[in-house]
Amino acid sequence: SQQGEEDPQALSIQEGENATMNCSYKTSINNLQWYRQNSGRGLVHLILIRSNEREKHSGRLRVTLDTSKKSSSLLITASRAADTASYFCASAIYNQGGKLIFGQGTELSVKP
Amino acid sequence: EAGVVQSPRYKIIEKKQPVAFWCNPISGHNTLYWYLQNLGQGPELLIRYENEEAVDDSQLPKDRFSAERLKGVDSTLKIQPAELGDSAVYLCASSLDGAGGQETQYFGPGTRLLVL
């Protein structure tokens, strides 16, 4: 399988806590993207970090990228029950146009 | 602005029957993608179109799967004949111009297929 790896596979936290998800990929990339998927729905784009960037913020989201380790992390601060979803990282493979290789996802549950 | 539209949302068929999925991308988006998502897994690319041209179909099982994107807008994905293992969610996505590799992809809600 070409899929990247994410950990943890599942994460359960209380509202207000921070959630951290990690992603590893295998090849050189143009960028790395994070998506959210609510149960039974399509994927929603959260944030894109380019290969020459190390950290990016968007609202309560913070993404880091370490290309030497081929890894990325997504931090959601002050989590809310509405953040409950599956989170996927997707690596845009270098020199292959828009091809994305998705990880297997982290299932986040935020309890009120 | 409307998002990516897919139909049907759900489909139940018996094995060996044919099935087709339809996708209407966001207006103006040149690049269209079909993904397969198995339960508990991330999506896997089946085929990518730049306008009418299929530029990456390396993961499409061509013995039973086919796709087309006439006029570079709507697309259909067909399976004939369907097998039990084809039960999954089929996602369509589009982006403005995917060739550069820096574009956000916008996903439709998917078609959930169950093969009995």
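The structure displayed is predicted, hence computed values, not measured ones.
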*Can you tell me if A:Q33 and B:Q105 form a side-chain donor-acceptor pair at under 3.5 Å?*
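The criterion, which ignores hydrogens and geometry beyond distance, is not satisfied for B:Q105 and A:Q33.
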*Identify whether A:Y87 and A:I13 are in the same connected component of the hydrophobic contact network (ILVMFWY, side-chain heavy atoms under 4.5 Å).*
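Both belong to a single hydrophobic cluster.
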*Do B:L36 and B:F65 share a hydrophobic cluster (ILVMFWY, side-chain heavy atoms under 4.5 Å, transitive)?*
yes
*asked:* Using heavy-atom distances under 4.5 Å, tell me whether B:Y106 contacts chain A through its side chain, its backbone, both, or neither.
replied: neither
*Which atoms of B:T111 approach chain A - backbone, side chain, both or neither, heavy atom under 4.5 Å*: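 Neither; nothing under 4.5 Å.
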Identify the heavy atoms of [X] and [Y] that sit nearest to each other, and give their distance.
| X | Y | result |
| --- | --- | --- |
| B:L91 | A:G42 | CD2-CA, 4.4 Å |
| A:L100 | B:Y35 | CB-OH, 3.9 Å |
| A:F88 | B:Q37 | CZ-NE2, 3.6 Å |

*Look up atom CD1 in A:I93 and atom CG in B:L45, then write down how far apart they are to the nearest 0.5 Å.*
11.0 Å
Counting only heavy atoms not in [X], do more than 12 sit closer than 6.0 Å to its [atom1] atom?
| X | atom1 | value |
| --- | --- | --- |
| A:K69 | NZ | no |
| B:R9 | CZ | yes |
| B:K11 | NZ | no |
| A:E53 | CD | yes |

*asked:* If you apply the rule side chain to side chain contact (heavy atoms under 4.5 Å, CB included), what do you find for A:H45 with B:S95, and how did you get there?
replied: CA-CA 12 Å; A:H45 183 264; B:S95 64; over 6 Å; no
*Tell me, side chain or backbone of A:Y94 under 4.5 Å from chain B's heavy atoms, or both, or neither?*
neither
*asked:* Given heavy-atom pairs under 4.5 angstrom as the criterion, report whether the side chain, backbone, both or neither of A:Q37 touches chain B.
replied: side chain
N/O donor-acceptor pairs under 3.5 Å from side chains in residues 75-83 of chain A, not counting sequence neighbours:
from  : atom 1 : to    : atom 2 : distance (Å)
A:T77 : OG1    : A:R60 : O      : 3.3
A:S79 : OG     : A:Q14 : O      : 3.4
A:S79 : OG     : A:E17 : O      : 2.8
A:D83 : OD1    : A:R60 : NH2    : 2.9
A:D83 : OD2    : A:R60 : NH1    : 3.0
A:D83 : OD2    : A:R60 : NH2    : 3.2
A:D83 : OD2    : A:R80 : N      : 2.8

